[in-house]
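Here the structure comes first, spelled out in structure tokens, and everything after it is commentary.
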Amino acid sequence: MEKPKNHTIAHSFVMALMIVLLGIFINNLVFAAKDYYLNTHANYEKEYATIVRYELTNGRYDYNKSYSTFYEYKSDGTVYSGIWQRLIYDEEEAKAQVGKKVPIYIDHTLKRHAKDLNISSGAIWFAGTISLVCFLVFINSFVRETIFIVKWVKYKEMENKK
């Protein structure tokens with residue numbers, strides 16, 4: 001009995017891929033958990049930022065153009081900024097928003113801000129679930145390859161005794 005090379009190659013590839021994906025998603029899990037913790041423990045206060053500009057973000061031709069608006073809020077030497085709205089298809093509508101006051105939430109101590117207070121743990125669940133799946137696929141492939149190698153070694157030993 002010859003040990004099929006593609007069997008080991010396939011399991012090795014799956015295990016390597018799962019280790020890489022596991023590393024990526026565990027990293028995402030840690031950042032999502034940290035972000036969730038900071039957001040749930042922040043002392044946000046409602047402030048009003050000003051939309052300061054708009055930009056063409058999609059489409060360089062007359063069709064499929066869209067614009068995004070950007071806000072800024074300055075407090076204690078810190079500038080809080082971000083995208084307010086995306087996918088505005090009418091340039092006049094985007095231009096009309098410049099100068100408009102919009103509500104944002106700021107924790108002046110942590111120097112964090114958010115557009116809304118809908119804090120979700122969805123990113124934690126997503127990264128955790130994908131990490132668990134990658135881990136289980138890795139373990140499955142590792143155990144199957146280990147069992148196969150043990151059986152192959154025993155078969156070789158029995159064959160050599162004959």
Side-chain angles (χ1 to χ4, degrees), residues 6 8-146:
N6 53 351
T8 300
I9 291 171
H11 280 290
S12 298
F13 175 76
V14 167
M15 287 187 287
L17 179 63
M18 290 303 115
I19 288 293
V20 169
L21 290 175
L22 186 62
I24 290 169
F25 283 102
I26 283 181
N27 187 40
N28 287 345
L29 178 64
V30 169
F31 281 112
K34 179 183 172 191
D35 197 47
Y36 180 79
Y37 177 81
L38 288 173
N39 279 331
T40 55
H41 289 82
N43 186 23
Y44 287 116
E45 297 174 17
K46 188 175 188 177
E47 304 286 354
Y48 288 91
T50 305
I51 295 180
V52 292
R53 71 181 196 284
Y54 72 95
E55 290 181 7
L56 176 66
T57 51
N58 285 333
R60 300 283 181 234
Y61 307 103
D62 287 337
Y63 62 92
N64 200 26
K65 283 186 177 181
S66 69
Y67 301 88
S68 295
T69 55
F70 298 84
Y71 66 88
E72 275 188 9
Y73 178 81
K74 295 177 184 173
S75 173
D76 301 328
T78 303
V79 176
Y80 302 95
S81 61
I83 295 176
W84 180 253
Q85 188 178 355
R86 296 178 183 185
L87 298 176
I88 302 170
Y89 294 107
D90 182 20
E91 183 177 9
E92 293 303 316
E93 180 184 339
K95 192 183 293 185
Q97 289 189 19
V98 174
K100 180 180 171 186
K101 297 284 188 185
V102 292
I104 62 170
Y105 301 90
I106 298 176
D107 183 326
H108 296 281
T109 307
L110 296 176
K111 305 275 188 215
R112 293 180 64 84
H113 76 286
K115 285 177 22 178
D116 58 41
L117 295 181
N118 293 332
I119 300 167
S120 170
S121 61
I124 295 171
W125 284 103
F126 178 76
T129 302
I130 299 297
S131 297
L132 179 63
V133 168
C134 290
F135 179 72
L136 293 175
V137 169
F138 171 82
I139 291 297
N140 177 51
S141 196
F142 180 78
V143 167
R144 292 177 73 142
E145 182 63 15
T146 303

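Predicted, not measured: the structure shown is a model, and the values here were computed from it.
Of the N and O atoms on the side chains of Glu91 and Tyr54, at least one donor lies less than 3.5 Å from an acceptor on the other residue.
Remark: Tyr80 pairs with His113 by the ring pair (Phe, Tyr, Trp, His ring centres under 6.0 Å) rule, at least two apart or across chains. In this view, Ile130 and Phe25, Phe126, Cys134 satisfy the side-chain contact (heavy atoms from CB on, under 4.5 Å) rule, not counting sequence neighbours. Not a single salt bridge (Lys or Arg N to Asp or Glu O under 4.0 Å) links Arg144 to another residue, sequence neighbours left out. Here Ser120 pairs with nothing under the side-chain contact (heavy atoms from CB on, under 4.5 Å) rule; sequence neighbours left out. Applying the side-chain hydrogen bond (donor to acceptor under 3.5 Å, both in side chains) rule to Asn39 yields the partners Tyr44, Arg112; only residues at least two apart in sequence or on another chain are considered. Looking at residues two or more places apart in sequence or on another chain, you find a side-chain contact (heavy atoms from CB on, under 4.5 Å) between Lys74 and Glu72, Val79.
Using modelled atom types, one side-chain atom of Thr40 and one backbone atom of Tyr37 make a donor-acceptor pair closer than 3.5 Å. Remark: the backbone N or O of Asn43 is paired with a side-chain donor or acceptor of Asp107 at under 3.5 angstrom. With hydrogens and angles disregarded, no donor-acceptor distance shorter than 3.5 Å links the side chain of Thr69 to the backbone of Ala94. Using modelled atom types, no side-chain atom of Ser141 and backbone atom of Val137 make a donor-acceptor pair closer than 3.5 Å.
The two residues Ala49 and Tyr71 come nearest to each other via the heavy atoms CB-CD1, 3.7 Å. The two atoms that bring Ile51 and Gln97 nearest to each other are CB-O, 3.4 Å, heavy atoms only. When every heavy atom of Ser68 is checked against every heavy atom of Ile83, the shortest pair comes out as CB-CG2, 4.4 Å.
Thr57 contributes atom OG1, which lies 7.0 Å from atom CZ of Phe70 (distance to the nearest 0.5 angstrom). Summarising the geometry, atom OG1 belonging to Thr146 is positioned 9.5 Å from atom NE2 belonging to His11; distances are rounded to the nearest 0.5 Å. Taking CD of Glu47 as the start and OG of Ser75 as the end, the distance is 6.5 Å to the nearest 0.5 Å. In this structure, Glu93 CD and Tyr67 OH are separated by 11.5 Å, a value rounded to the nearest 0.5 Å. Distance check: Leu29 CG to Asn27 CG gives 9.5 Å after rounding to the nearest 0.5 Å. The line from CG of Leu56 to OG of Ser66 is 7.0 Å long, rounded to the nearest 0.5 Å.
Side-chain contact between Tyr73 and Ile104 is present, with heavy atoms from C-beta onward closer than 4.5 Å.
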